[in-house]
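The structure is given below, and queries will be raised subsequently.
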Amino acid sequence: MYSSFEDLEVYKLSITFTGKIYKLLERQPLKNDFAMVDQLRRATISISNNISEGFERETDKELIRFLYFSKGSSGEVRNLFNVMEEIGYFDKRELIEYRELVVVISKQLANYIKYVKKRCS
């Protein structure tokens, strides 16, 4: 049992990921695409926000609900990577590290959801 959301490995990883994304957003040509920057920033921050909000709701049902929101945001981030690649902002090779990290986050969220569901059944 965890005493706070800051103890969760998936939360820690999502914070690290957010820092990496903020650095990515400083690069050209992305830097001047304000809509893409805003959307990627919001989706990335949403991952850790939903983990923390769900944890603070203090019920397993609410925690699971917010973990699903967080997992959805990780999918949104992956989609934005696909769009950035398609429009030529980055090639696949440049985004490998970011994709791998968000996939790990998504898998950890899926495992945590399974754990919480099992705990409450």
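For reference, positions follow the sequence shown, starting with 1.
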Over 12 foreign heavy atoms within 6.0 Å of CZ, R42
no
Go through the side-chain N and O atoms of N82 and R99 and say whether any donor and acceptor fall under 3.5 Å apart.
yes
If you round to the nearest 0.5 Å, how far is CG of L8 from OG of S3?
9.0 Å
Which heavy atom of L95 sits nearest to which heavy atom of F81, and what is that distance?
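In this case the closest contact between L95 and F81 is CD1-O, 3.6 Å.
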Can you give me the closest heavy-atom contact between S14 and I105, atom names plus distance?
CA-CD1, 3.8 Å
List the steps and the verdict of side chain to side chain contact (heavy atoms under 4.5 Å, CB included) for R41 and I21.
CA-CA 7 Å; R41 193 174 278 148; I21 291 299; over 6 Å; no
Distance col, row C120:SG vs I64:CD1, nearest 0.5 angstrom, shows 4.5 Å
Quick one: do R27 and E94 make a salt bridge, cutoff under 4.0 Å?
yes
Is there a path of hydrophobic side-chain contacts, each under 4.5 Å between heavy atoms of I/L/V/M/F/W/Y residues, joining L25 to M36?
yes
Heavy-atom neighbours of K31 NZ exceed 12 at 6.0 Å
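12 or below, so no.
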Show, in sequence, the C-alpha distance, side-chain angles and deciding distance for D91 and E85, and conclude whether the side chain to side chain contact (heavy atoms under 4.5 Å, CB included) test is met.
CA-CA 5 Å; D91 65 35; E85 184 183 325; 5.7 Å; no
What are the two closest heavy atoms between I47 and S73, and how far apart are they?
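Between these two residues, the closest heavy atoms are CG1-CB, 3.8 Å.
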Looking at every heavy atom in both L40 and T44, which two are closest together, and how far apart are they?
O-OG1, 2.7 Å
Should V102 and V37 be counted in the same cluster of Ile, Leu, Val, Met, Phe, Trp and Tyr side chains packed under 4.5 Å apart?
yes
Drop me the distance from E97's CD to F17's CZ, to the nearest 0.5 angstrom.
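So the gap between those two atoms works out to 9.5 Å.
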Residues K92, E86: salt bridge by 4.0 Å N-O rule
no
Given side chain to side chain donor-acceptor pair (under 3.5 Å), test N32 with Q28 step by step and report yes or no.
CA-CA 7 Å; N32 294 326; Q28 290 292 354; 3.3 Å; yes
Check for me, please, whether V10 and Y68 land in the same ILVMFWY cluster - side-chain distances under 4.5 Å, paths through other members count.
yes
Hydrophobic clustering (ILVMFWY, side-chain heavy atoms < 4.5 Å, transitive) - are V77 and Y89 grouped together?
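Shared cluster, yes.
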Between R57 and L63, is there a side-chain heavy-atom distance shorter than 4.5 Å?
no
Do L109 and F66 sit in one hydrophobic cluster, given that two such residues count as connected whenever their side-chain heavy atoms are within less than 4.5 Å of each other, even indirectly?
no
How long is the span from the OH atom in Y11 to the OG1 atom in T16, to the nearest 0.5 Å?
10.0 Å
In terms of the angle between their ring planes, are Y112 and Y115 parallel, tilted or perpendicular, with boundaries placed at 30° and 60°?
parallel
Can you list the steps and then say if Q39 with L80 is a side chain to side chain contact (heavy atoms under 4.5 Å, CB included)?
CA-CA 8 Å; Q39 192 63 34; L80 291 166; 3.9 Å; yes
Mind checking the CZ-CD spacing from F5 to E56? Nearest 0.5 Å is all I need.
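So the gap between those two atoms works out to 5.5 Å.
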Go through E100 and V104 one step at a time and tell me if the side chain to side chain contact (heavy atoms under 4.5 Å, CB included) criterion holds.
CA-CA 6 Å; E100 288 175 352; V104 168; 5.6 Å; no
Output yes when a side-chain donor or acceptor of D38 lies under 3.5 Å from a complementary backbone atom of F34, and no otherwise.
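No; zero donor-acceptor contacts below 3.5 Å.
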Gap separating the CG atom of D60 from the NZ atom of K118, nearest 0.5 angstrom
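So the gap between those two atoms works out to 14.5 Å.
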Is the closest basic N to carboxylate O distance between E26 and K23 below 4.0 Å?
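Answer for the salt bridge query: no.
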